[in-house]
Amino acid sequence: MADHILVHNTGEVATLNYGKTGDPLRGSEMSDRDLLMIDNGTEILFSDGIVSKIESEGTLTSEWEGSSETQMVDARGMAIIPAFVDSHAHMVWAGDRSNEITMRAEGLDYSEISNLGGGIRKTVSQTRDATKDKLSELFFQRLRSAKTLGTARIECKSGYGLDVSNEIQALEVMGISNPPISIDRTWLGAHDIPHGVSRQRYLEELIDDQLPLVCELKLAEYVDVFCEPGWFTKEETMQICEASTERGLNVRLHVDEFQDGGGLRLATDLGAVSADHVAKSSMSDREYANENGTMQTFLPGTQYVLGNRLDLPLKECEERGLAFSMASDYNPNCPSLSIPFVGSLAVHRMGLNPLTALVSVTRNPGTTLSQNIEKHNGTIEIGRSSSILVLPSENVESWVSSFGTMNNLEMIN
């Protein structure tokens, strides 16, 4: 690989690097083309994987063209955007739950399907039966698929082992060498109560057995809990998260997916970097989270597969100046890694501006992950690793036009 990559002859470029890029964008900033875009004819130089220069057309080519150490990439006048940051994905599991589509069509909801032996517990059984080699193979295939769809960084959760050995194994699978995209690992042992184990016994196992091993082996940066009526209570969630933060893990939570249980406010009080789903959270709790630095992460794909109304308050959050992100929620029930599909739902069904939607799947989720300059954070920014996408169009808006695919997409760096 060349020491330098020079991208030139671009269409419009969405750098999204306005202001302090470790902070999310809010309100009108999310759609302000003057702040977030550069006009046609930009050159971007990568040096040893880091963006070193961004200049006008001709400035860098005159200096670097012909160098044996430089790979020249002609963007052919096409638009450039940052690669996607998927901040909520369940990537290590085996099995098949496609029969649940029929169950939902017959009127059964998520909880009813779970009570009939489906849902998380079915996947737990199938995952436990799979070998580590098989789980590794599936995980690698999913990472490759995510990259093909334009994702350069992904937060991956455990949660389909639900015992010490299988949760540790899932996190070990995520620790592969030389992954095709950057990975951030989350321990989600508290995804459900395993069949045949009492709530109290499993809570003790999580805190006394799983958590110490996760931390001693340095297998995760984050803890997550499915805090929802019928799963883990707010009190149980507090116990798990407080024990985890004492050991150095940051908090991410599943909250308020099916009803407003006060989960977003709890996540904020626990100092969570992100509270995810938040479909039913109150607006007062959304404002509280925004004021105190907890990101709301919406998961439109899950609403879609569950047959729910696509009425997430994305537009209202934008209008109120509240920070928010979106992610895929890739899992056995929503097996799509397509961030363009998530963006399409937000734009075509919930009224977001395409640039606003782009910010919510790049820079904003990037702020909830580590700010290591060697990891893509959803911007095109001098002084850090920044993966970029060359779109098959002169227009940035095209990123949401191909729904479940990104035809002729090219990822650089």
Discussion item. side-chain contact (heavy atoms from CB on, under 4.5 Å), that's the test. Do Val359 and Leu36 meet it? Break it down for me.
Written reply: CA-CA 9 Å; Val359 169; Leu36 305 180; 4.0 Å; yes
Worksheet item: If you take all heavy atoms of Ser398 and Ser401, which pair is closest and at what distance?
Response: O-OG, 2.8 Å
Worksheet item: Any side-chain donor paired with an acceptor under 3.5 Å for Ser284 and Ser282?
Response: yes
Response to the item:
dist Ile80:CD1 -> Thr15:OG1 (nearest 0.5 Å) comes out at 12.0 Å
Item to complete: Might you point out which heavy atoms bring Asp86 and Ser328 nearest each other, and give the distance in Å?
Response: OD2-OG, 2.6 Å
Worksheet item: Where do Cys227 and Leu266 come nearest, in terms of heavy atoms and distance?
Response: SG-CD2, 4.0 Å
Practice prompt. Might you confirm whether atom CD of Glu394 has over 12 heavy atoms from other residues, nucleotides or ligands at distances under 6.0 Å?
Written response: no
Worksheet item: His191 vs Tyr160 aromatic rings, parallel, tilted or perpendicular, using cut-offs 30° and 60°?
Response: perpendicular
Fill in: From CA spacing to verdict: side-chain contact (heavy atoms from CB on, under 4.5 Å), Ile240, Val223
CA-CA 8 Å; Ile240 296 165; Val223 61; 4.2 Å; yes
Item to complete: Just say parallel, tilted or perpendicular for the rings of Tyr304 and Phe341, cut-offs at 30° and 60°.
Response: perpendicular
Worksheet item: Should the heavy atoms of other residues, nucleotides or ligands under 6.0 Å from CZ of Arg247 be counted, would the total exceed 12?
Response: yes
Response to the item:
Partner of Asp224 under salt bridge (charged side-chain N to carboxylate O under 4.0 Å, His left out), picked from Lys157, Arg185, Arg252, is Lys157
Worksheet item: If you measure from CG on Leu116 to CG on Leu108, what distance do you get to the nearest 0.5 Å?
Response: 6.0 Å
Worksheet item: Can you tell me how far the NE2 atom of His376 sits from the CD atom of Glu381, to the nearest 0.5 Å?
Response: 10.5 Å
Worksheet item: Side chains of Thr123 and Arg97: donor-acceptor distance under 3.5 Å anywhere?
Response: yes
Practice prompt. Please say which of Asp260, Asp256, Asp285 ends up in a salt bridge (charged side-chain N to carboxylate O under 4.0 Å, His left out) with Arg265.
Written response: Asp285
Worksheet entry | Ion pair check, Lys280 and Glu257, cut-off under 4.0 Å | no
Fill in: All side chain to side chain donor-acceptor pair (under 3.5 Å) counterparts of Asn250, not counting sequence neighbours
none
Worksheet entry | Ile380 vs Val13, side-chain contact (heavy atoms from CB on, under 4.5 Å): CA-CA, chis, key distance, verdict | CA-CA 9 Å; Ile380 304 173; Val13 178; 4.0 Å; yes
Discussion item. Please give me the minimum heavy-atom distance between Ala220 and Val214, naming the atom from each residue.
Written reply: CB-CG1, 3.8 Å
Discussion item. Out of the candidates Gln169, Glu172, Glu167, only one should pair with Ser158 under the side chain to side chain donor-acceptor pair (under 3.5 Å) rule; please name it.
Written reply: Glu167
Item to complete: Decide if atom NZ of Lys375 counts as having more than 12 heavy atoms of other residues, nucleotides or ligands within a radius under 6.0 Å.
Response: yes
Worksheet item: So with a 6.0 Å cut-off around OH of Tyr18, is the heavy-atom count from everything else above 12?
Response: no
Fill in: Arg384 and Glu374 ion-paired at < 4.0 Å
no
Worksheet item: Would you call Glu318-Arg26 a salt bridge at under 4.0 Å N-O?
Response: no
Discussion item. Set out, in order, the CA-CA distance, both residues' side-chain angles and the distance that settles side-chain contact (heavy atoms from CB on, under 4.5 Å) for Met238 and Phe232, then state yes or no.
Written reply: CA-CA 10 Å; Met238 287 178 63; Phe232 287 86; over 6 Å; no
Worksheet item: Can a salt bridge be assigned to the pair Asp311 and Arg349 using a cut-off of 4.0 Å between side-chain N and carboxylate O?
Response: no
Fill in: Least distance between heavy atoms, Val124 atom then Gly161 atom
CG1-O, 3.7 Å
Worksheet item: Which atoms form the tightest heavy-atom contact between Ile38 and Ile54, and what is the distance?
Response: CD1-CG2, 4.0 Å
Discussion item. Between Tyr330 and His90 (judged by ring centroids, cut-off 6.0 Å), do the two rings come close enough to count as a pair?
Written reply: no
Worksheet item: Given Gln239 and Glu235, is the side-chain hydrogen bond (donor to acceptor under 3.5 Å, both in side chains) satisfied, shown in steps?
Response: CA-CA 6 Å; Gln239 290 182 60; Glu235 291 73 20; over 6 Å; no
Item to complete: List the steps, then state whether side-chain hydrogen bond (donor to acceptor under 3.5 Å, both in side chains) holds for Asn166 with Lys132.
Response: CA-CA 9 Å; Asn166 284 288; Lys132 188 173 184 179; over 6 Å; no
Worksheet entry | Sidechain N-carboxylate O distance under 4.0 Å for Asp184, Arg153 | yes
Discussion item. side-chain hydrogen bond (donor to acceptor under 3.5 Å, both in side chains), that's the test. Do Thr379 and Asn377 meet it? Break it down for me.
Written reply: CA-CA 6 Å; Thr379 62; Asn377 77 335; 2.8 Å; yes
Fill in: Proximity of Trp231 and Tyr110 rings by center, below 6.0 Å
yes
Item to complete: Assess whether side-chain hydrogen bond (donor to acceptor under 3.5 Å, both in side chains) is satisfied between Asp276 and Ser274, documenting all intermediate values.
Response: CA-CA 6 Å; Asp276 302 358; Ser274 183; 2.5 Å; yes
